[in-house]
Every structure is written in C-alpha cells, then in structure tokens.
Amino acid sequence: MLKIALDESHLASFCDAQTLRHMEKETLSARETLVDGSGEGNDFTGWVNLPVDYDKEEFARIKAAAAKIRSQSQVLVVIGIGGSYLGARAAIEFLRPGFGCGSGSDLEVLYAGNQLSTAYTNYLINHIGGRDFSVNVISKSGTTTEPAIAFRVFKDLLEEKYGKAGAADRIYATTDKARGALKTLADAEGYETFVVPDDIGGRYSVLTAVGLLPIAAAGCDIDALMRGAQAAREAMLGEGFESNMAMRYAALRNCFYRGGKKVEILANYDPSLHYIAEWWKQLYGESEGKDKMGIFPASVDLTTDLHSMGQYIQDGERMLMETVIDLKDESAPIVIREEEGDLDGLNYLAGKPLTFVNESAMKGTILAHTEGGVPNLVITLADRSEETLGQLFYFFEFACGVSGYMLGVNPFNQPGVESYKKNMFMLLGKPGYTK
C-alpha cells in the first residue's frame with residue numbers, strides 16, 4: 001500500500017481531462033521505453049529494478065559497517081558531491097531532524113567535498129574538534145575535484161590522529177567495483193569498499209551503497225527504506241495510467257511545459273524537506289535540462305519564502321508550475337495559548353495547534369497561487385518514516401525517467417556538466433588543459 005499520493009484537485013483548467021487523455025498513449029509509451037530499456041541511456045537504468053534486485057551480501061555489509069561507525073565514532077564525515085551525497089543528506093535530515101546533532105542520534109553526520117570553501121572546511125574541522133570520527137568518501141572515479149581535495153584533507157587528519165592503520169580502519173570508500181583512483185587507493189590501503197553500480201548514475205543512486213551507508217550510520221532503518229521503494233516500484237510498473245501517480249505526474253508536468261510553464265517549483269511546509277528538494281533539483285535538472293529544452297527545477301521553503309519569493313510566484317511572469325509536498329505532521333502538538341491584552345491580535349487562534357495554522361497557510365497559498373495562474377499539484381506523505389521516504393524516492397526517479405523520454409531527451413546523461421570542468425582545469429593549470 002502506498003503512503004504517498006498525488007492530489008490533482010487544484011489544477012482548474014490548466015490541463016483538462018481531455019488533454020490529459022490525449023497524453024495517455026504517449027506516457028504509456030515512455031514508461032515502456034524506460035522499463036524495457038529500449039531508449040537512450042538504457043545502460044543507466046539499473047535503478048528501475050534495484051529495490052528487488054540489489055546485492056544482499058553488500059546490503060548486510062552496509063549494516064555491519066554502519067554499526068561499526070556508530071560504535072567507534074561520534075562523527076561521520078560524508079565526502080561527495082551531487083548525487084554522491086544529496087540523497088543521503090535528504091534522507092537523514094528528513095528522518096532525523098533536529099538541532100545540534102544533524103542526524104538526531106548519537107552520531108553526527110557532516111558533509112564535505114560538496115564545495116571548495118576554505119572557511120567551511122575550517123569550520124567543519126573545528127566543529128569536529130577532538131571527537132572521534134570516521135569518513136565515507138564517495139566517488140566512482142576518485143578524481144572529481146571537490147571530493148578528492150576534501151578527502152586529502154580529512155585522510156591526513158585521520159592519519160595524524162589515529163596513525164595510518166587506525167585511519168584505514170575508519171575510512172569507507174564507495175567507488176567503482178574494479179577500477180579508478182579511489183578503488184586503487186582503497187585496495188592499497190585496506191579501506192572497506194562499497195560499490196557504485198555501473199548501470200546507475202549518481203543522481204539515481206540513493207538506494208545503493210552511495211546513500212544507504214550514511215543513512216544506516218545515522219540510525220535509519222534501511223530495510224524499511226527498501227520496502228518502501230519495492231512498494232512504489234510495484235505500483236509504478238503495475239498500475240494503469242488512471243491510477244499511476246508517476247505517469248500522471250510526468251504527463252501533467254509535460255502538459256504544463258507545452259503550455260508555456262517552463263519552471264517547476266517544489267514547495268514544502270516543513271524544514272526537514274529542504275534537502276529532499278535539493279536532491280529533486282539535481283535529479284530533474286541533470287536529467288531533463290539538455291538540447292536547449294527542459295523544465296527548470298526550483299524550490300521554496302514555506303511559509304518562510306512567502307515573505308521573499310511569494311510576490312513573484314503570485315504576480316510574476318506566468319511561466320511557473322508548482323508541486324507541493326504535504327507532510328502530515330505527527331509531532332507533539334504545540335497549542336497556541338490565550339494572552340491577556342491580545343496585543344498581537346492572535347487570541348482568535350487560542351486553543352488551536354500550530355499544525356492547524358501551518359495547514360491553513362498551505363491551503364490558502366495553494367488557492368492563491370492557483371487563482372494567480374500557477375497550476376498546483378500536491379504530493380501527500382502520510383508520515384515521516386523510512387517506508388514513506390523509500391516510496392517518494394522511487395516515485396520521483398521513475399517519474400523523471402518517464403518525463404525525460406516524453407520530453408525527447410536522454411534522461412541519464414549530463415554532457416553539459418563537463419563544460420565548466422574544462423575551463424576550471426585550464427585555469428588551475430592541470431596538465432593537458434589549454435585554451
């Protein structure tokens with residue numbers, strides 16, 4: 001049973017039933033192309049069957065390594081960029097929200113190698129301080145500039161603190177199964193290794209060791225995460241167009257795109273969803289933004305951004321579509337109390353829970369944006385659990401593959417990403433790179 005749902009009730013006349021019916025055949029064809037592996041990029045579709053066809057031996061090693069990390073460290077530094085860390089961070093901050101300890105458990109998960117800031121790196125080192133820590137470095141090649149530099153820094157810190165052998169016992173490398181700079185180093189130094197599969201690109205890799213090791217180390221239930229993905233896979237592969245939320249999401253966003261809606265905003269009303277949006281932006285941006293086409297993925301954190309971006313969404317250029325993630329809040333209620341004098345004018349809310357106020361803000365905003373010319377879809381999450389998150393991850397991945405094929409692009413390559421690297425390497429003086 002799915003614990004996520006797609007609400008299309010706010011679409012008004014943006015994409016009527018007749019238009020959507022005309023897109024049904026096209027959407028079904030795109031799903032067939034994805035599932036049977038007949039489209040461009042088909043050598044990177046291993047994620048489609050991953051929830052039922054994953055390496056069970058490695059999965060057990062992931063859980064054992066996570067237990068070891070938690071037993072010997074107070075901090076885990078996850079080194080990676082893009083798909084090598086966004087999925088894990090999205091999951092951890094959704095499932096273990098809180099202050100101070102980023103994972104909400106006795107192990108703090110921190111991130112490096114996702115930028116080149118000297119200040120950030122120094123702050124991170126100082127924050128770790130004298131605490132025991134381990135490192136999970138994630139890179140298929142081992143030569144990507146940002147994580148490779150960060151790994152040099154933190155490997156040196158580990159070796160200074162624990163010695164070479166002690167450091168090797170605290171380094172976990174998620175990389176290519178057979179070759180590459182990181183695999184070569186890991187084999188030489190004796191790091192425990194996990195595999196970045198050849199047939200799964202980075203932005204689709206959250207349910208591989210890339211995401212699972214940090215998620216498990218943070219104390220999350222990766223068995224339940226995979227069960228959720230399995231349930232979503234069964235639904236996405238088995239249900240017809242009328243009830244298949246992934247196909248309908250893909251069809252609707254392409255319908256809006258053809259009608260001039262070039263930007264999709266993913267909105268949330270809970271701060272723990274911020275990195276879900278960051279993960280989603282990479283997934284859809286890298287998958288669809290090519291050949292001078294594609295829906296631009298953006299995000300807002302509401303109600304916060306209603307006081308900044310809200311004006312543009314309401315009254316700016318009508319190139320926007322909006323998808324809202326509605327997390328049903330099961331937190332301990334905070335009830336608004338009555339105050340004598342009512343100076344802030346809020347006594348009319350006395351006795352109401354904060355959840356009610358947040359839900360009302362969401363419903364009112366959806367209505368306002370829809371009336372302002374922005375079509376709104378709502379993805380409802382029944383609860384904050386690993387099973388629900390596994391379903392959400394798989395839903396977005398499957399819909400992305402279908403949507404990309406409907407758009408007419410290869411959803412699994414990213415040729416444009418290499419352009420900035422060539423210029424950067426030239427400016428850095430890397431051998432072989434000249435004007």
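All residue numbers refer to positions in the sequence shown, counting from 1. Note: hydrogens, waters and symmetry copies are ignored here, and every other heavy atom, side chains too, is used.
The side-chain tip of Arg89 points at the ring of Tyr275 from less than 6.0 angstrom away and within 45° of straight on. Judged by the 6.0 Å distance and 45° axis criteria, Arg384 is positioned over the aromatic ring of Phe94. Taking the ring axis of Tyr54 as reference, the NZ or CZ atom of Lys56 stays within 45° of it and closer than 6.0 Å to the ring centre. Seen from the ring of Phe241, Arg248 counts as a face-on cation partner, given the 6.0 Å and 45° thresholds.
Taking 4.0 Å as the cut-off between side-chain N and carboxylate O, Lys140 and Asp176 count as a salt-bridged pair. Classification of Arg70 and Asp106 as a salt-bridged pair holds, one side-chain N sitting under 4.0 Å from a carboxylate O. At a threshold of 4.0 Å, the pair Lys68-Glu192 does not count as salt-bridged, since none of the basic side-chain nitrogens sits closer than that to a carboxylate oxygen. Classification of Glu386 and Arg96 as a salt-bridged pair holds, one side-chain N sitting under 4.0 Å from a carboxylate O. Using a cutoff of 4.0 Å between basic side-chain nitrogens and carboxylate oxygens, Glu288 and Arg253 are scored as salt-bridged. Salt bridge Arg61/Asp55: absent, no basic N to carboxylate O contact under 4.0 Å. For Glu317 and Lys261, the salt-bridge test fails: no basic side-chain N is under 4.0 Å from an acidic carboxylate O. Checked for salt-bridge contact, Lys281 and Glu278 meet the test: a charged N lies under 4.0 Å from a carboxylate O. Salt bridge annotation for Asp223-Arg227: absent, with no cationic side-chain nitrogen under 4.0 angstrom from a carboxylate oxygen.
In this structure, Ile215 and Ala91 approach most closely via the heavy-atom pair CD1-CB, 3.5 Å. Scanning both residues, Pro147 and Gly80, for their nearest heavy atoms gives CB-CA, 4.1 Å. When every heavy atom of Trp279 is checked against every heavy atom of Ala90, the shortest pair comes out as CB-CB, 4.1 Å. The minimum heavy-atom distance linking Gly113 with Ile81 is given by the pair O-CB, 3.5 Å. Heavy-atom minimum distance, Leu20 versus Ala251: CD1-CB, 3.9 Å. Nearest approach of Val263 to Ile295, heavy atoms of both residues: C-CG2, 4.1 Å.
For the pair Asp305 (side chain) and Asp301 (backbone), a donor-acceptor distance under 3.5 Å is present. Side chain of Arg170 to main chain of Gln72: a donor-acceptor pair is present (N/O by atom type, distance under 3.5 Å, no hydrogens or angles). Between the side chain of Lys25 and the backbone N or O of His22 there is no donor-acceptor pair closer than 3.5 Å. Side chain of Gln391 to backbone of Lys3: a donor-acceptor contact under 3.5 angstrom is found. Although no hydrogens or angles enter the test, the distance criterion places no donor-acceptor pair under 3.5 Å between the side chain of Thr45 and the main chain of Val48. Under the 3.5 Å distance criterion, the side-chain polar atoms of Asn244 are matched with a main-chain donor or acceptor of Glu239. At distances below 3.5 Å, not a single donor-acceptor pair connects side-chain atoms of Tyr257 with backbone N or O atoms of Met293. The backbone N or O of Phe44 lies less than 3.5 Å from no partner atom in the side chain of Asp199, so there is not a single donor-acceptor pair. In terms of modelled atom types and a separation under 3.5 Å, the side chain of Gln115 and the main chain of Ser117 share a donor-acceptor contact. Judged by distance alone, with hydrogens and angles left aside, the side-chain atoms of Ser287 form a donor-acceptor pair with the main-chain N or O of Pro411 at under 3.5 Å.
Side-chain contact between Ile379 and Val324 is absent, with no heavy-atom pair separated by less than 4.5 Å. With contacts defined as side-chain heavy-atom distances shorter than 4.5 Å, the pair Lys155/Tyr191 qualifies. In this structure, the side chains of Leu110 and Val78 stay at 4.5 Å or more apart for every pair of heavy atoms. In this structure, Met245 and Met236 have side chains that are in contact, with non-hydrogen atoms separated by less than 4.5 Å. The side-chain heavy atoms of Asp198 and Asp43, taken from C-beta on, include no pair separated by under 4.5 Å. For the pair Ile265/Ser299, no side-chain contact is recorded, criterion being any heavy-atom separation below 4.5 Å from C-beta on. Counting heavy atoms from C-beta outward, Asn136 and Ile79 have side chains that stay 4.5 Å or more apart. Between Tyr120 and Tyr111 there is a side-chain heavy-atom pair separated by less than 4.5 Å.
In this structure, a donor-acceptor pair under 3.5 Å is present between the side chains of Thr388 and Asp383. Between the side chains of Thr303 and Asn358, no donor N or O sits under 3.5 Å from an acceptor N or O. Using a 3.5 Å distance cut-off with no hydrogens or angles, the side chains of Asn254 and Ser403 do pair a donor with an acceptor.
Atoms NZ and CG, from Lys363 and Asp326 in turn, are 8.5 Å apart once rounded to the nearest 0.5 Å. From Leu76, atom CG reaches atom CD1 of Ile128 across 9.5 Å, with rounding to the nearest 0.5 Å. Expressed to the nearest 0.5 Å, how far CD1 of Ile62 lies from OH of Tyr172 amounts to 12.5 Å. Between atom CG of residue Asn376 and atom OG1 of residue Thr323 there is a gap of 7.5 Å, rounded to the nearest 0.5 Å. Atom NE2 of His127 and atom OH of Tyr123 lie 13.5 Å apart (nearest 0.5 Å). For the atom pair CG (Leu377) and CE (Met321), the distance works out to 9.0 Å, reported to the nearest 0.5 Å.
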Mind running side-chain contact (heavy atoms from CB on, under 4.5 Å) on Ile366 and Val378 for me, showing each step along the way?
CA-CA 9 Å; Ile366 290 172; Val378 180; 3.7 Å; yes
Let me see the working for Thr175 and Ile138 under side-chain contact (heavy atoms from CB on, under 4.5 Å), right down to the final yes or no.
CA-CA 6 Å; Thr175 188; Ile138 307 165; over 6 Å; no
Criterion side-chain contact (heavy atoms from CB on, under 4.5 Å) on Asp342 and Asp344, from CA distance to verdict:
CA-CA 6 Å; Asp342 194 23; Asp344 56 12; 3.7 Å; yes
For the pair Phe154 and Ile171, evaluate side-chain contact (heavy atoms from CB on, under 4.5 Å) and give the outcome as yes or no after the intermediate values.
CA-CA 10 Å; Phe154 286 92; Ile171 295 174; over 6 Å; no
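Other residues, nucleotides and ligands contribute over 12 non-hydrogen atoms within 6.0 Å of the CZ atom of Arg258. Within a 6.0 Å radius of CE in Met362, other residues, nucleotides and ligands contribute more than 12 heavy atoms. Counting heavy atoms of neighbouring residues, nucleotides and ligands inside a 6.0 Å radius, atom CZ of Arg337 does not exceed 12 of them.
Ring geometry for Tyr405 against Phe412 counts as perpendicular: the plane angle is over 60°, on a 0 to 90° scale with 30° as the lower cut. Ring orientation note: the planes of Phe256 and Phe14 are nearly perpendicular, at an angle over 60° on the 30°/60° scale.
Taking the six-membered ring for Trp, Phe296 and Tyr284 have ring centres at least 6.0 Å apart.
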